Amino acid sequence: MEKTKLEQKLKARRIQPTAMRMLILDFLIRHNEALGLSDLEDHFTRSDRTTLYRTLKTFHDKGMVHEIHDESGITKYALCSDECNCTYPNDMHAHFYCLECDKTLCLTELTVPPVDLPENYQPSSVNYVINGTCSACAS
Ligand SMILES: [Zn+2]
Ligand SMILES: [Zn+2]
């Protein structure tokens, strides 16, 4: 993606557009599956783990990405769509974890249904992951 577009996307989330942040954002845009810190480490071999982790944390804090916890045991991150705030219960969607290729995909059209929690329970996040075989591995 163009540099100016990346800058705009970051600014829209009130994130200061540094060179590193733009590189990581571009990397996330180019992948349609959720990525973990180790995926970033494998790609950005010259950056240290702390910088990469902090960037993901900033993205997460500002609502640029959402976290997914799946069977792999690795925290993965996926980009939120521009209109999305990724807050529960309004706009959280289900995820699909492929047991064959280890990829985690956003099923953005599948909204997580609200549940009736017992009295005095305050939800802050939800993790709705379906395990199975993705379309690429099934064919
Ligand atoms: Zn797969
Ligand atoms: Zn997602």
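Remember, it's 1-based here, ligands and their atoms both numbered in the order they're listed. Since the model is a prediction, treat every value here as computed from it, not as a measurement. Keep in mind that the numbers below use all heavy atoms, side chains included, and drop hydrogens, waters and symmetry copies. Index from 1, following the sequence.
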Practice task
Please step through side chain to side chain contact (heavy atoms under 4.5 Å, CB included) for the pair Leu37 and Thr75, ending with a clear verdict.
Solution key: CA-CA 8 Å; Leu37 180 58; Thr75 304; over 6 Å; no
Problem - ILVMFWY network linking Leu35 to Ile15, side-chain heavy atoms under 4.5 angstrom - result: yes
Exercise for the section: Tell me whether Leu52 is reachable from Phe59 by hopping between hydrophobic residues (I, L, V, M, F, W, Y) whose side-chain heavy atoms are closer than 4.5 Å. Expected result: yes
Handout entry: Listed protein N/O/S atoms, distance to the Zn ion (ligand 2) under 2.8 Å
Key = His66 NE2, His93 NE2, His95 NE2, Cys106 SG
Problem - Pairing of Asp82 and Lys9 as salt bridge, 4.0 angstrom limit - result: yes
Handout entry: Angle subtended at the Zn ion (ligand 1) by Cys134 SG and Cys98 SG, rounded to 10 degrees
Key = 110°
Fill in the blank from the handout: In Phe96, Tyr77, Tyr97, the residue satisfying side-chain contact (heavy atoms from CB on, under 4.5 Å) with Thr104 is Tyr97
Practice task
Consider only side-chain N and O atoms of His66 and His95, and report whether a donor and an acceptor are under 3.5 Å apart.
Solution key: yes
